[in-house]
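Take a look at the structure set out below.
Chain A is the first sequence line, chain B the second, and so forth, proteins listed ahead of strands; every chain is numbered from 1. These figures come from a predicted structure and were not determined experimentally.
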Amino acid sequence: MKRKDSNASGFPEYAMMDLPTMEKEILTWWEDNNVFEKSISERPDDKRFVFFEGPPSANGLPGIHHVMSRTIKDLFCRFKTLQGYRVERKAGWDTHGLPVELGVEKKIGITKADIGTKITVAEYNKLCREDVMKFTDIWNDLTRKMGYWVDMEHPYITYENNYIESLWALLKKLFDKGLLYEGYTIQPYSPAAGTGLSSHELNQPGCYRDVKDVSAVAMFKVVKNENSSFLFDNDGEDVRFLAWTTTPWTLPSNTALALGSEIEYLKVKTLSRYTGKPITVIVAYDLFSKYFLVADSNRTELLKSKVFPLSQIANSDEEPLIYLNNEVKDTAKLITSDKVNSWLVEKIVKGAELEGIRYEQLLPYAQPTDGDAFRVILGDFVTTTDGTGIVHIAPSFGSDDFRVAKQNSIGSLTLVDKQGKFVDEVNDPVFPLDGRFVKEAYFTDAEKEQEFHLQKEILRVNNIIADLKSFMSADDLIVLKLKLENKLFKTEKYDHSYPHCWRTDKPIIYYPLDSWFIKTTAIKERLIELNKTINWKPAHTGEGRFGQWLENLVDWNLSRSRYWGTPLPIWVSEDYAETKCIGSIAELKVEIEKSVKTGYMQSMEVTDLHKPFVDEIVLVSDTGKPMKRVADLIDVWFDSGAMPYAQWHYPLENESTFKQNFPADFIAEGVDQTRGWFFTLHVLGVALFDSVAYKNVVSNGLLLDKNGNKMSKRLGNVIDPFETIEKYSADATRWYMMRNSDPWENMKFDMTGLQDVIRSHFGTLYNTYGFFALYANIDNWKYDAAKKISNEAKPELDRWIISKLQTLVKDVTGFYEDYEPTKAARAIEKFVDEDLSNWYVRLNRRRFWKGEMSEDKQAAYETLFECLNAVSQLMSPIAPFFSEWMHRNLNEGSASVHLSYLVEADERLLDKDLEERMELAQRSCSLILSLRKKEKIKVRQPLSKILIPVVNAKTQAQFEKVESYILSEVNVKAIEYISDASGVVKKKIKPNFKELGKRVGSKMKAVQNAVLAFTADDISQIERDQKYVLNLEGESFELFLADVDIQTEDIPGWLVASEGALTVALDVTLTDALRQEGNAREFVNKVQNLRKDKDFKVLDRIKVKVIANDMLKEAIVNFHDYIANEILAKEIEVVDTLDSFDELEYNEETIKVYVAVV
RNA sequence: AGUCUCGUAGCUCAGUUGGUUAGAGCGCUACACUGAUAAUGUAGAGGUCCGCAGUUCGAAUCUGCGCGGGACUACCA
C-alpha cells in the first residue's frame, strides 16, 4: 500500500486504504517468512487442537460458498493457534465418484454403455484419474488468496493406493467385527440393462416420464377369528379390505396390508360392481367419497357427525346411518339396482384397532418361506391423499414395503426374476403370466405379437373373452383375473410420472438386489448416545436433522456398480459359501501367492488397487475353490468418512500420529453434509473405535444471491470468488460473511453489504490507526511496556476504554470458544465504531494534538495503542490480513499477529461503575444535542447551564465524575443537579409489569389503574418510604419501589428531554458573554478551515489580518488569547483595508481575512 | 410426501425465562459538526412482528392450524 511518509521510522502512515494491495503484500510476507509453518511448529506438540479438512471434489471449480465454509474452518483454527494450540491442517481431495465419471464421459463423448466396448475400463479409469485433478491449481490459488491456511503441499488424495489400502484395512476391521455383510435391498433396477441405478442416475433430466398405467383396487378377504370377529355381523358376511395399486403385477407377491394407526376406516356394505354380489368393504373415511356417491359435502359432514365421536359409538343405541341412493334409510332395501350408489356405513374404526387381522392371500401362486404373512400391519407412511388408505405391501418391490415388512416379520415373495419376468411358480391355468415380462415395455414387438395370439386363444377357449382385440399386459391380465374371481373393486387408467432407465429408456422397477452393507443398525444406540456428546452448531442440526436421521437409521448400503472408485476388497467363491476380506496389499500378495501355487492365476504385481486390475485377481479359498472379487465399488462417502484414518495411512502405519489426531476437536462443512460427511465420519468413528470422530461441528447454511435465489449459472447470478477478492479483498469478504448473520443461516450475498463493511468497519479502524500514527509520530512516541503509566494514574476516559476493552476481550474469546463467529465479529465492530472511534477518540482528540509531550499524552497514546493492538489480535481469525497489517505497523519489526498469544482479560481493570457513568454521559450528550437541534442552537454556541434531576447521591456522584466530558462535548458551562426535594420536577409513574406481573397475576389491570392514578404526593411517598400500601377491592398490596417506574415528565420553564429514567434540561438563554464566545469560536472555525484549504502544516504559526464587523471585533477583543491559541496565530490584527484577502462566511455575513504563515 | 429450518422497517439483522412506546446498521430526507475530514453527529419518515385461532391480566416471544421461502431425505400404494 502506498506510504504517505517517506521516512521509515515511526508508525507507517498511508495515503489511502487499499485492502487488495495490502493483502498481496501480506501474502508475500507470510510466504517469505513461512508464517503458516511457524504458526504450527512454534506451538507445543503436546497441546493440540485437531482439525479435519473435509475434502472438496477437485473435479469442480470453487465458488464463493467455499470462501464461506473455509472462512469458518480457518478462523477457529487461527483462534486456537492464538490460544497457544498446535493446529495442523492437512488438506484433502475427494477424487472418486459418479460426477468424475460423468465428466469424463461428457468430455470424450461416450456413455456408460461404451465402457468395455469402445473404451477399456483401464483406459476409462486412467482418464478419470487425470481429469479429476484438473482444477487443483485454481483451488490452490483461491486457498492462498482468501487466506485459508491449510497444508496444500501434503494433501491426502482418495485415489492413491495408500489411501485405498487404509480403506481396505478398515473394511476388514468391520468385516471381522461382523459389521460388514451381504444383504439385499430394494433398489431402482433396470431389468433391460440388468443393473441397479443410483438416485443420481434417476434424477437425471428426462428419467421421470408421465405414463399411463393400469391401476386396481383389489379386495382382500378378511379371515374371521377372534381378532376380527367384531367386523362381522354374521358368519356368512364377506368382509374385504380395499387396497389400491398402480402396479398390479406386484399383487401376486403381496404379503401384507398396511394401515395408518390414526386413520379412520369405515366398514361399508355394498355390492360388487362386477359380480353384483353383496360385499362388505373396509376403506378410509377420508377416501370414502372417492368410491361411493355422496350427495354433497353436507352429507359427508352428516355422516361424520352421525358416527362420531368414536368413544360414543361403542355404547350408542343410535341406529347405524344408512343411505341408499342417498335417500332411503333402510338396511333391508339395500338392493342390486344401483351398485355404486348402494351403500351402508356400519362402523368406523381406527387403523390401530385393525392391526394383526389376517386375510386370505389374494393370488396364491406361491408361499413365503421367510416369515409370517397376510396380516394387517401399521405403517407411518400410509396416507389418505389417494388410494384407499390401505396399502398393498409387496416387500420385494418397494422400499417402504420392504422396511415395514421387515419390522413386522412379514414374509416376502419375489415372483419376478432379474430379467423382469414372472417366475415359473406364477403358473396360472388360464392367464399366461409365467416367464412373461411384467411390463409391456420390455417385450419386443415380435414377442408381443406372439404373446397376443396365445392370449387370444386361451381366453377364447376358457370362455372369458370371445375375441380379444389387443395385447394384454401382465397388469391387464391380473386385473381381469381379479375381476372374474370377485377380488376386484375397481380399475382404471392412471397417469403418473414414473422413473425410466437412462440407458434403455425402459421403465425401471424396484427390485431386491444383493449389496454389501455396514450394519449401522447394530450400533444405532451407541451412535445416538455419542451424538449427544457432540457440540453441534447450530444445536438443532444435531438434535433435529441428524438426530432424527440416526433414530430412523437403516444399514448403510456400500455397493455401487461403477468403475472409478474404491473396489470392495471381498472375494467370494462361486457358491458364495466362502468369503475373504482383504485388509492390505501385503495380505493380498500372500493370497495371490497361494492362488498362483494352486494355478488359479498367473503371478502378478499389485500396482494399482483400482478396477480392472483387482478384478483380474482370482484367489483360492481355504477349501481350495477359486474366489472372485465381488464386482462392486464402495460408496464414495466411505472414502471421505474414513479420512481421519486413511489420511495417515492408518491402521497400516503411523499409529502415534493417528492417535494424536483423533478425534477432531473441530470440523465444519455445509449443512448439506449432515447425512453425508458428518454421518459417515460419525459411523466409522463409532463402528471402528467406539468414539466420536469430532467434538465440535459447525454446519453452515447456503449462500444465496442478494434476492435470496440460489446461485446458478443458468440465472447468471453466480458470484466469482476471485473477482470479489480482487476487487474488495478477502478480509472484507470474510468479515462480511461472518458478521452478517450466523453462519448456519442461509446468507444473502450482497455487494453493497460488502462495501458497507469496508467503509464502516475497516475504514473506521484504518482511520483510527491513521490518527494514532499521525500524532504518535509527531511526538515521536514509542510504546515501552517498562515505562507504562499505571491504570490508576490514567484519566477517566482512558480507564473507561480499557475497561471496555477487557469486556471485549472476554466476550470475544468466549464467543470464539462457543463457535459463535457472528457474535464475535459484531462485538468487535461495536467496540471499534461506538466506543473507540466515536467516543474515546472523538473526545480525546485534543489530548493527542495539543501541546508538548506530557504524561497525559503518553497515557492517551498508550491507551489507544493497547486498544488497537488487542483489536488486531481479536479480529485476526476473521480478518487475517488487515489485522496483520495493523499489528505489524504498531509493533515495528515484530513477528506475525498469528504467532502471537491472545491477550487475556484483566478483571482488575474492569470498572462497571465507570462504564455505567460513561453511558450516562453519552446518553446525556445525545439528549442535549437533540435539544440544541430542536432550538436550532449550534454546538459552537456555548450555553450556560444543564439541569439534571438525580434520584440519589450515587447517581449524582456518577455524573460529577464525567461532568467535564459532557460539558465539553455539548459546549455548556455548568451542570446543576436537583433532587426531588426541590419540588420543581413533575413526575409520572407507571407499573413495572415484569416485576409486578409475577406477584399480582390476573389483578394486573386493576393494579395498573391504581398506579396510573397516583398523585404527586403518592409518588413522593413511595420514593420516600420505598413502599406503598395499595388498597384494591378490600385487599391490600404492598407496592415496593422496584414495582414501579418513575420518570421525570417535565421541569416547568426548562427545555426538557428524557430517555428512560434519564432526564436533562437545558438553559437556552444567551448572554452577551456567551454570544461573544460563540462568535469567537465561529471565527476560529472559519480560520481553521482556511488553514486547511491553504494546505498549511498542522504546526505552522500564522499571522491574521481581518476586516471585522462589530460583532467580530468584540469577540476578537474579548477572546483574543483563546483565538490566537486555537489558530496558532502570532498576531491578530483588525484592519480597515486589505490588498489580498480571502472571503469567509461568518454568521450570515461575509468578512475579509488575510492569513499567512510566519 | 416426511424431517429440519427461516419469515420483524425499503435492505441486512438484534430482540434475554411472555411485561405494555419492538430496536440497530445501511438506505432515504433534513439539519449540524469539523486539524480523524473520501471521517462524524442529531433528528425525521418508515412496522397488520407472514396469517388465523388459542393459552394468558398481558403474545414478536408459548400452543395449534395454515401460507410462503430454503435445505435434506424419499418417490411411495
Side-chain angles (χ1 to χ4, degrees), chain A residues 16-17 188 199 202 208 215 243-247 250 257-258 379-383 385-394 398-401 497-499 510 538 540-541 543-549 552 670-676 701-702 704 706 708-710 739-742 744-748 750 752-753 755-756 759-760 763-764 767-772 774-775 822 826 829-830 833 837-838 841-842 845-846 848-849 925-926 929-930 932-934 936 938-940 990-998 1000-1008 1085 1088-1089 1091-1092 1096 1098 1126 1128:
Chain A
M16 205 181 85
M17 183 169 81
S199 57
L202 234 44
Y208 276 84
S215 77
W244 178 65
T245 179
T246 55
T247 52
T250 60
L257 293 173
D380 52 10
F381 56 88
V382 179
T383 64
T385 48
D386 48 23
T388 61
I390 299 174
V391 178
H392 134 67
I393 298 293
S399 53
D400 275 341
D401 307 42
S497 102
Y498 195 86
Y510 290 84
H540 61 74
T541 300
E543 289 158 19
R545 185 181 288 199
F546 195 64
Q548 294 260 347
W549 170 254
N552 300 316
V671 69
D672 53 327
Q673 293 297 336
T674 308
R675 277 133 175 187
L702 236 70
L704 308 168
K706 64 177 178 180
N709 298 313
K710 221 172 153 173
R739 70 87 56 205
N740 188 63
S741 56
D742 287 325
W744 35 89
E745 304 283 355
N746 288 344
M747 183 185 171
K748 293 177 193 163
D750 186 0
T752 60
Q755 286 160 352
D756 283 349
R759 195 172 45 76
S760 68
T764 302
N767 258 323
T768 307
Y769 167 77
F771 172 85
F772 165 82
L774 175 68
Y775 295 110
T822 306
R826 287 180 183 176
E829 266 183 29
K830 192 165 188 280
D833 184 48
S837 170
N838 282 331
V841 173
R842 193 154 63 89
R845 275 173 301 186
R846 243 164 209 274
F848 288 92
W849 56 263
C925 287
S926 164
L929 289 170
S930 77
R932 274 182 170 276
K933 148 92 184 160
K934 206 180 282 172
K936 297 194 194 305
K938 51 185 155 190
V939 180
R940 233 178 276 131
K990 69 170 191 177
N992 179 339
F993 285 87
K994 200 169 179 174
E995 284 297 313
L996 218 41
K998 273 186 273 185
V1000 306
S1002 61
K1003 299 205 172 89
M1004 195 63 221
K1005 275 232 160 74
V1007 174
Q1008 179 183 13
N1085 170 242
Q1088 295 287 37
N1089 285 342
R1091 280 183 65 120
K1092 222 163 65 182
F1096 291 180
V1098 171
E1126 287 296 313
L1128 299 182

**Fill in**
Partner of B:A45 under the Watson-Crick or G-U wobble criteria, both distances under 3.5 Å, comes out as none
**Prompt:** Are OP1 or OP2 of B:C13 and a side-chain N or O of A:N740 less than 4.0 angstrom apart?
**Reply:** yes
**Asked** Expressed in whole Å, how much space separates the P atoms belonging to B:G27 and B:G69?
**Response** 32 Å
**Rounded P spacing from B:U40 to B:C26 in Å** = 8 Å
**Item:** Contact letters for nucleotides 56-64 of chain B, in which S counts primed atoms plus P, OP1 and OP2 and B counts the base, heavy atoms under 4.0 Å
**Value:** -B-------
**Message:** How many whole angstroms separate atom CZ of A:R739 from atom P of B:G25?
**Reply:** 11 Å
**Prompt:** Which of the following nucleotides, B:A14, B:A38, B:C33, is nearest to the side chain of A:D742?
**Reply:** B:A14
**Request:** Indicate whether OP1 or OP2 belonging to B:U34 is found under 4.0 Å from a side-chain N or O atom of A:R940.
**Result:** yes
**Asked** Is any side-chain nitrogen or oxygen of A:N746 closer than 4.0 Å to OP1 or OP2 of B:G69?
**Response** no
**Prompt:** If the C1' atom of B:C33 is compared with that of B:U17, how far apart are they to the nearest Å?
**Reply:** 44 Å
**Prompt:** Distance between the P atoms of B:G64 and B:C6, in whole angstroms?
**Reply:** 15 Å
**Asked** Donor-acceptor pair under 3.5 Å: do we get one between A:S837's side chain and the base of B:A36?
**Response** yes
**Prompt:** Donor-acceptor pair, A:R845 side chain versus A:R842 backbone, under 3.5 Å?
**Reply:** yes
**Message:** OP1 or OP2 of B:A36 versus the side-chain N and O atoms of A:T768: is any pair under 4.0 Å?
**Reply:** no
**Asked** Can you tell me how far C1' of B:A74 sits from CH2 of A:W549, to the nearest Å?
**Response** 10 Å
**Item:** Side chain to side chain, A:N740 and A:M747, heavy atoms closer than 4.5 Å
**Value:** yes
**Request:** For A:R739 and A:E829, indicate whether the former's side chain and the latter's backbone hold a donor-acceptor pair under 3.5 Å.
**Result:** no
**Request:** Please answer whether the main-chain N or O of A:S741 pairs with a side-chain N or O of A:T822 as donor and acceptor at a distance below 3.5 Å.
**Result:** yes
**Message:** Any base atoms under 4.0 Å from A:Y775, or only sugar-phosphate, or nothing? Heavy atoms, all strands.
**Reply:** sugar-phosphate
**Item:** Integer angstrom distance from the C1' of B:G18 to that of B:C49
**Value:** 15 Å
**Message:** Mind checking if A:T246 touches a base, just sugar-phosphate, or nothing, with heavy atoms under 4.0 Å?
**Reply:** sugar-phosphate
**Item:** Nucleotide nearest A:Y510 when distance is taken to its side chain, options B:C26, B:C75, B:C13
**Value:** B:C75
**Asked** Paired with B:C26: which nucleotide, if any, by Watson-Crick or G-U wobble criteria at under 3.5 Å for both distances?
**Response** B:G10
**Within-4.5 Å side-chain heavy-atom neighbours: A:L257 and A:I393** = no
**Request:** Just jot down the salt bridge (Lys or Arg N to Asp or Glu O under 4.0 Å) partners of A:R932, sequence neighbours excluded, or say none.
**Result:** none
**Message:** Is there a side-chain contact between A:M1004 and A:P991 in this structure, where contact means two heavy atoms from C-beta onward sitting under 4.5 Å apart?
**Reply:** yes
**Item:** Strand partner of B:A32, provided both Watson-Crick or wobble distances fall under 3.5 Å
**Value:** B:U40
**Message:** Nearest whole Å is fine: how far is B:A39 P from A:F771 CZ?
**Reply:** 17 Å
**Prompt:** B:U3 pairs with which nucleotide, Watson-Crick or G-U wobble, both distances below 3.5 Å?
**Reply:** B:A71
**Message:** Without decimals, in angstroms, what is the distance between A:D833 CG and B:A14 C1'?
**Reply:** 16 Å
**Request:** May I ask you to decide if A:T752's main-chain N or O and A:D750's side chain share a donor-acceptor pair within less than 3.5 Å?
**Result:** yes
**Request:** Select from A:V382 and A:L1128 the residue whose nearest nucleotide in RNA chain B is closer to the 5' end of that strand.
**Result:** A:L1128
**Asked** Which of parallel (below 30°), tilted (30 to 60°) and perpendicular (above 60°) describes A:F771 and A:F848?
**Response** perpendicular
**Complete:** When rounded to whole Å, the CG to P distance for the pair A:N838 and B:G25 reads 11 Å
**Request:** Confirm from the modelled atom types if A:K990 and B:U21 form a donor-acceptor pair under 3.5 Å, side chain to base only.
**Result:** no
**Whole angstrom value for the distance that separates C1' of B:G18 from CG of A:N992** = 14 Å
**Asked** Looking at B:C4, B:U12, B:C76, which one has an atom nearest to any side-chain atom of A:P499?
**Response** B:C76
**Request:** Give none if B:G58 has no partner; otherwise give the nucleotide forming a Watson-Crick or G-U wobble pair with it, both distances under 3.5 Å.
**Result:** none
**Message:** Both A:Q1088 and A:T541 contact RNA chain B. Taking the nearest nucleotide for each, which residue is further toward the 5' end?
**Reply:** A:T541
**Request:** Would you kindly give the CZ-to-P distance between A:R759 and B:C26, to the nearest whole Å?
**Result:** 7 Å
**Prompt:** Could you give the NZ-to-C1' distance, from A:K994 to B:G15, as a whole number of Å?
**Reply:** 12 Å
**Message:** Please tell me if A:R845 has a side-chain N or O lying less than 4.0 Å from either OP1 or OP2 of B:A36.
**Reply:** yes
